[in-house]
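Everything below concerns the one structure shown next.
Excluded from the calculations below are hydrogen atoms, water molecules and symmetry mates; all remaining heavy atoms, backbone and side chain alike, are included. Keep in mind that what you see is a predicted model, and the values were worked out from it rather than measured.
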Amino acid sequence: MSRRKKRCIRDPHSPQSTRREYLWIVLGILVVGVALYAPALSGPFVFDDLVQPYSRTAPHLQSIGEWISIVRPLLMISFWLNYRIAGVQPELYHLFNLLCHLLNSLLIFFITGRLLKLERTQPAEGAAGRDRLLSLFAALLFLVHPLQTESVSYIVSRSETLTACFLLSAYLIFLNRAGLNRAGAHMRWGASLAIAGLFVLAGATKEIAVALVPLIILTDWFFSLGGVRRNWRLYGLLGAAAIGASAIAFLVLKDAQSAGFAMQGVNWYEYLFTQWRSLWVYLRLFLLPVGQTIDHDFPLSRSLFAHGSWAALLALVAGLAAVVLRRRSWGLISFGILAWITLLLPTSSVVPLHDTLVEHRMYLPFLGLVAASVGFAARLRVSSRALILGGVVLLGALSAATYYRNTLWGEPVLLWREAIRESPQKARPYGNLASVYLARGNCREASREFANAPMGWQPDYYAMVTWGMAESCLANYDRAVSLFQQAFALVGGTWEHTPSAAKAKIEMLIGVALLKKGDESGSIAALDRAVKLDPALDMAYAYRGSWKQHNSNYVEAIEDYQRALELNPRNPMARQALASLLQRPGAATPPFQFKPLR
């Protein structure tokens with residue numbers, strides 16, 4: 001062979017070839033991810049997005065101090081940065097979420113490669129190429145599976161994707177040190193501090209980050225990575241951080257209405273019974289992703305025997321026993337299943353959450369099922385060509401489903417119609433679809449959604465309020481008042497309001513409907529009841545001031561507008577009306593300095 005020909009031969013294992021392969025993998029993940037999630041990038045704010053500060057235009061929201069509290073400060077900083085750049089335009093928010101997902105998919109590629117090396121106790125010929133192929137399959141499975149769409153395309157679910165960025169990075173550092181630990185080395189301070197620092201960042205994004213500690217312990221035990229003796233620095237730092245995070249979580253959850261042991265209507269053991277069932281639904285959605293929806297109707301198990309919770313528990317115990325007993329022969333399959341359950345513990349165990357089954361809770365635990373899938377694929381006695389062909393077919397089918405789901409996330413009418421189809425007896429999808437129509441000025445369609453609801457559906461407070469607003473928009477004021485009164489009877493503890501505040505809002509809406517109808521005495525009586533129930537409801541003072549202004553009671557109107565502005569200095573209705581009144585000849589000077597908004 002000539003010297004010229006020898007120079008043309010490239011070593012497939014050289015650093016240059018490896019870097020080139022990694023570059024193609026990064027580009028592939030980028031192109032595939034953007035192509036599949038493009039339909040959702042222009043999707044508007046939906047559902048819980050609409051109660052977040054980034055969905056509102058207000059000058060005071062430019063200040064970071066309005067966003068940060070003890071609850072998820074790093075998450076809110078990310079939203080604030082988006083808000084400073086893009087305001088209330090959702091495209092940049094979606095793009096940030098997608099970039100997190102692309103980064104997480106790349107981290108899954110490297111994590112899977114490390115897990116495959118840990119599973120293999122002895123060198124094997126051709127293992128490097130096969131490991132890279134299986135790692136790429138894992139990354140693409142994480143990237144294109146439709147179960148991930150809620151975490152990526154639902155802006156408020158950035159709490160999942162951003163937490164995963166920090167947590168997966170910390171886990172990868174641990175795995176990179178794990179091989180050295182096997183050889184007798186100890187976990188160094190540098191790696192320990194890096195892992196602990198990323199753990200703190202993850203915890204400042206969402207509370208589920210606490211799952212990193214049991215995940216590392218599980219990995220240490222399963223692959224015999226040295227235990228406490230070699231990893232004492234890391235365990236000491238993680239233990240201290242976990243204690244601090246637990247204390248903060250306790251302070252946040254002790255009085256929370258949508259999560260924690262103080263939540264009304266559900267006990268911890270009822271939630272636990274329910275989660276035994278939810279685990280199987282999550283697994284089914286991974287294996288066969290049909291029946292997905294933004295709002296599952298998953299009933300609570302009030303007892304061990306309700307809805308088959310006992311059977312779900314027996315199946316779970318039997319499955320875990322098989323996984324643990326066969327861990328030596330099943331290898332990564334067993335580890336993946338154990339990791340999946342470990343990562344679900346923060347949301348699917350004994351701490352009650354408002355919704356019993358939510359798809360975005362599977363985002364981080366997806367790591368475990370991906371590892372189990374790779375372990376299964378590695379044990380198939382087929383050629384590499386057959387393995388590639390099967391992977392392409394599977395990933396292609398999942399990609400088509402993901403693209404379709406992102407078209408739904410791009411159009412909230414379609415998204416909520418699907419939710420109604422999947423959960424026809426649940427009130428919340430009807431209320432949210434009607435809210436979309438109301439926001440678009442289509443009051444008739446909003447009303448029609450409720451009128452077409454099936455027999456037996458159970459409307460809740462929000463649905464009845466939204467229905468009443470639709471009827472009021474159509475000038476059906478008597479019907480609107482009747483619906484508001486029914487909503488009044490359904491008030492309990494809600495996500496956004498205490499019972500008295502919720503009732504005050506209803507009384508205010510009744511007052512507005514009666515004012516539009518021309519029933520002035522009924523209107524002022526309802527508005528009076530509203531401010532008595534909730535003295536902090538600024539809009540009730542603004543509407544009452546409007547009624548008094550209409551009746552030429554300017555002095556009391558000014559007092560109500562001033563009170564509204566004391567409660568909310570940026571109340572647009574009160575500011576505009578008060579400015580108009582103060583321009584009248586001989587108008588009284590307000591007792592506080594009135595400054596127009598700039």
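- V266 places none of its side-chain heavy atoms less than 4.5 Å from the side chain of L353.
- For the cysteines C100 and C165, the sulfur (SG) atoms lie at a distance of at least 2.5 angstrom from each other.
- With hydrogens and angles disregarded, no donor-acceptor distance shorter than 3.5 Å links the side chain of S472 to the backbone of G468.
- Y171 is listed as a side-chain neighbour of L367, based on a closest heavy-atom distance under 4.5 Å.
- Side-chain atoms of Q52 never come within 3.5 Å of backbone atoms of D49 as a donor-acceptor pair (strictly under, hydrogens ignored).
- Side-chain contact between E471 and W467: present, with at least one pair of heavy atoms (C-beta onward) separated by less than 4.5 Å.
- Between E160 and R361 there is no salt bridge, since no side-chain nitrogen of the basic residue lies less than 4.0 Å from a carboxylate oxygen of the acidic one.
- Of all heavy-atom pairs spanning E418 and T293, the tightest one is OE1-CA, 3.8 Å.
- Under 3.5 Å, the side chains of Q148 and H360 contain no donor-acceptor pair of N or O atoms.
- Contact of the H94 side chain with the V152 side chain is not registered, since no non-hydrogen atoms from C-beta on lie closer than 4.5 Å.
- Residues T219 and L215 have side chains in contact (heavy-atom distance under 4.5 Å, counting atoms from C-beta outward).
- Within 6.0 Å of the CE atom in M76, the count of heavy atoms belonging to other residues, nucleotides or ligands exceeds 12.
- Side-chain atoms of Y430 come within 3.5 Å of backbone atoms of P424 as a donor-acceptor pair (strictly under, hydrogens ignored).
- T402 places a side-chain N or O within donor-acceptor distance of the main-chain N or O of V144, the cut-off being under 3.5 Å.
- Judged by distance alone, the side chain of D538 and the main-chain N or O of N571 form no donor-acceptor pair under 3.5 Å.
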- Check the pair Q292 / E359 against side chain to side chain donor-acceptor pair (under 3.5 Å), numbers first and verdict last. CA-CA 8 Å; Q292 288 184 252; E359 291 175 16; 2.9 Å; yes
- For F142 and Y363, run ring pair (Phe, Tyr, Trp, His ring centres under 6.0 Å): C-alpha distance rounded to whole Å, both residues' side-chain angles, the deciding distance at 0.1 Å, then the answer. CA-CA 9 Å; F142 186 89; Y363 187 78; 5.1 Å; yes
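- A distance of 6.0 Å or more separates the ring centres of F366 and W340.
- The shortest side-chain heavy-atom distance between R277 and P299 falls under the 4.5 Å cut-off.
- Exactly one residue among D297, D355, D460 makes a salt bridge (Lys or Arg N to Asp or Glu O under 4.0 Å) with R428. That residue is D355.
- Two residues are said to be in side-chain contact when any heavy atoms from C-beta on lie closer than 4.5 Å; Y22 and F110 meet this criterion.
- A cation-pi geometry, defined here as NZ or CZ lying under 6.0 Å from the six-membered ring centre and within 45° of its normal, does not hold between R158 and Y93.
- The neighbour count for R284 CZ, taken as heavy atoms of other residues, nucleotides or ligands under 6.0 Å away, is above 12.
- Using modelled atom types and a 3.5 Å distance limit, the side chains of S157 and E150 yield no donor-acceptor pair.
- If you run ring-ring contact (aromatic ring centres under 6.0 Å, His included) between F45 and each of F79, W409, Y83, Y54, only Y54 comes through.
- Electrostatic pairing of D295 and K426 counts as a salt bridge here, judged by a charged N lying under 4.0 Å from a carboxylate O.
- By the neighbour-count criterion of 12 heavy atoms within 6.0 Å, atom CZ of F298 is densely surrounded, having more than that number from other residues, nucleotides or ligands.
- Rounded to the nearest 0.5 angstrom, T342 OG1 and F335 CZ are separated by 8.0 Å.
- Considering all non-hydrogen atoms of both residues, L474 and S447 come closest at CD1-CB, 3.8 Å.
- The backbone N or O of T356 sits less than 3.5 Å from a side-chain atom of Q275, completing a donor-acceptor pair.
- Side-chain contact between I77 and I64 is present, with at least one heavy-atom pair separated by less than 4.5 Å.
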- Task: In sequence, state the C-alpha distance, the side-chain angles, and the governing distance for S153 and N406, and then conclude on side chain to side chain donor-acceptor pair (under 3.5 Å).
- Result: CA-CA 7 Å; S153 299; N406 281 318; 2.6 Å; yes
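- In this structure, the side chain of S423 does not engage the main chain of I420 through any donor-acceptor pair within 3.5 Å.
- A donor-acceptor pair under 3.5 Å links the side-chain atoms of N442 to the main chain of E445, judged by distance alone.
- With no hydrogens or angles considered, a side-chain donor-acceptor pair links S309 and S301 at under 3.5 Å.
- Cation-pi geometry between R302 and F273 is not met: the NZ or CZ atom fails to fall both under 6.0 Å from the ring centre and inside 45° of the normal.
- In summary, E411 and R417 do not engage in a salt bridge, as defined by a charged side-chain N under 4.0 Å from a carboxylate O.
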